Protein chains: 2
Amino acid sequence: MTIELNSDAFETAPAWTCIGRKAANPKDRVLNAATELFCHHGFAATGVDTIASRAGTAKSTLYAHFKSKEKLIDAVLEREGKAWRDWFFGRLGKIKGTPKDKLCAVFDILAEWFSDPEFYGCPFINAIGEATSENETLRNAAKVHKSHVNLWIQAQAMELGMERPDDLVREMTVLVDGAIVAAQVSRDSDFAQVAKSLIARRLGD
Amino acid sequence: MTIELNSDAFETAPAWTCIGRKAANPKDRVLNAATELFCHHGFAATGVDTIASRAGTAKSTLYAHFKSKEKLIDAVLEREGKAWRDWFFGRLGKIKGTPKDKLCAVFDILAEWFSDPEFYGCPFINAIGEATSENETLRNAAKVHKSHVNLWIQAQAMELGMERPDDLVREMTVLVDGAIVAAQVSRDSDFAQVAKSLIARRLGD
DNA sequence: ACGAAATCAAACAGGTCTGTATGGTTAAGC
DNA sequence: GCTTAACCATACAGACCTGTTTGATTTCGT
């Protein structure tokens with residue numbers, strides 16, 4: 001038995017998503033399949049039979065691990081959110097320079113994401129857009145996800161000695177969400193650079 | 001027979017949406033019901049039976065006017081897009097001042113929209129987020145809708161004598177889309193002012 | 001090697017989905 | 001008043017939906 005740390009699947013899968021990663025057990029295979037189908041074809045449009053079939057598992061196994069389709073969606077969002085953040089902060093950790101450099105680099109990293117042929121937008125935004133307006137569960141999941149990024153932005157703002165760090169957090173929210181959606185709608189990754197130019201000007205040329 | 005130009009339905013319905021407007025014929029009743037249900041509960045999650053029931057029409061009447069659910073979605077987006085633009089440009093027409101004033105005022109108008117309890121985000125963005133990545137029909141519908149707004153932005157940029165008017169168009173796209181999505185996810189209309197501050201700084205304080 | 005837990009395929013229950021067909025009823029133009 | 005078109009309720013077809021059940025089989029810890 002050899003542990004394939006450098007398997008092809010691991011090497012070729014986009015780092016910002018769980019889709020395509022090695023799955024050792026049926027539960028992870030279900031999560032992988034569900035993530036792929038939910039994100040590429042929509043949450044409501046994807047049935048559990050399709051997910052189990054794609055995962056190569058029995059439907060009963062799916063329901064043994066996830067109480068309902070809704071819980072499966074929650075689990076997919078949580079895992080996919082973590083995968084994205086790991087990738088994002090991993091890229092960010094390699095950026096050296098001032099906080100301003102790092103804040104601007106955020107949009108270079110987003111451009112990488114947008115350029116991937118498999119880019120399908122932000123799963124949290126897509127899920128909220130699809131759901132009933134009153135659905136607070138998805139909104140909370142999105143809030144948790146974004147709060148991780150916002151904390152980092154706030155730290156940069158404080159390191160810059162800004163009086164109201166939260167202002168920068170909110171500005172970055174608009175620019176990041178705007179770049180994501182504009183890139184998704186138009187299939188044009190250049191919107192990342194557009195957002196970058198706006199934050200650069202805001203932080204002083 | 002009196003024509004009720006000042007009926008309650010007309011007075012109380014939000015101006016930025018078709019939802020709640022008077023419908024004279026079954027076709028318009030179907031469009032009204034479909035718009036409301038699609039936008040509030042999602043496109044895939046809403047069935048044609050529910051739409052016909054809500055519209056007070058027979059399902060056969062629905063299919064007499066719209067060849068398929070997909071065509072109905074197209075018609076809803078087109079009509080709702082036009083309603084929104086009529087409202088938006090109507091508001092914009094009342095703004096007096098320089099092009100910079102008008103460009104900034106865009107976000108005050110968006111704030112009105114976001115503040116409405118019935119705000120459900122941009123139907124085009126939501127539809128694209130819900131659909132298969134390869135669906136070009138929805139992307140084209142969104143492109144047509146946004147192009148009307150973009151043309152106006154470009155005119156302002158040219159009036160300002162900017163060298164590259166298209167740069168401003170793209171910046172506004174990021175800020176408008178970002179404000180819409182941030183407001184939708186967080187239920188906080190203040191993101192309009194955040195976007196406004198960014199464009200104000202870009203156009204010179 | 002044995003017992004427990006996990007997984008499997010397949011069928012089932014009870015709805016709901018889109019789209020069509022049938023035949024009766026209303027409304028409008030001439 | 002008659003004709004024609006629009007609209008109505010209802011039922012149907014065939015597929016798909018979520019979730020459960022059954023009982024056989026495989027995996028795994030010990």
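The figures that follow rest on heavy atoms only: side chains count, while hydrogens, waters and symmetry mates do not. Please read these numbers as outputs of a predicted model, since none were measured by experiment. Just so it is clear: chains get the letters A, B, ... in the order the sequence lines come, proteins before strands, and each one is counted from 1.
Checked against the 6.0 Å centroid threshold, Phe119(A) and Trp84(A) do not count as a close aromatic pair. For an aromatic pair to be called close, the ring centres must be under 6.0 Å apart, and Trp16(A) with Phe89(A) fails this.
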Protein proximity profile, nucleotides 3-11 of chain D - base contact B, sugar-phosphate-only contact S, no contact -, cut-off 4.0 Å on heavy atoms: ----SBB--

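At whole-Å resolution of the value, CG in Asp28(A) and P in dT7(C) are 11 Å apart. Straight-line distance from the CG atom of Leu37(B) to the P atom of dC17(C): 11 Å, rounded to whole Å. In this entry the distance linking CG of Leu72(B) with C1' of dT18(C) reads 12 Å, nearest Å. Rounded to an integer number of Å, the gap from Ile73(B) CD1 to dC17(C) C1' is 13 Å. His41(A) has its NE2 atom 13 Å from the P atom of dC17(D), to the nearest Å. For the pair Lys69(A) NZ and dT18(D) P, the computed distance is 4 Å after rounding to whole Å.
Place Leu62(A) and Tyr63(B) on DNA chain C by their nearest nucleotides, and Leu62(A) ends up nearer the 5' end.
Using a 4.0 Å heavy-atom cutoff across all strands shown, Thr46(A) reaches sugar-phosphate atoms only and no base atom.
In terms of heavy atoms, Ala127(A) sits closest to Leu77(A) at CB-CD1, 4.3 Å.
By the 4.0 Å N-to-carboxylate-O rule, Asp188(A) lies close enough to Arg170(B) to be salt-bridged with it. In this structure, Asp177(B) pairs ionically with Lys146(B), as a charged nitrogen and a carboxylate oxygen lie closer than 4.0 Å.
The CD1 atom of Ile125(B) sits 7.5 Å away from atom CD of Gln184(B), with the distance rounded to the nearest 0.5 Å.
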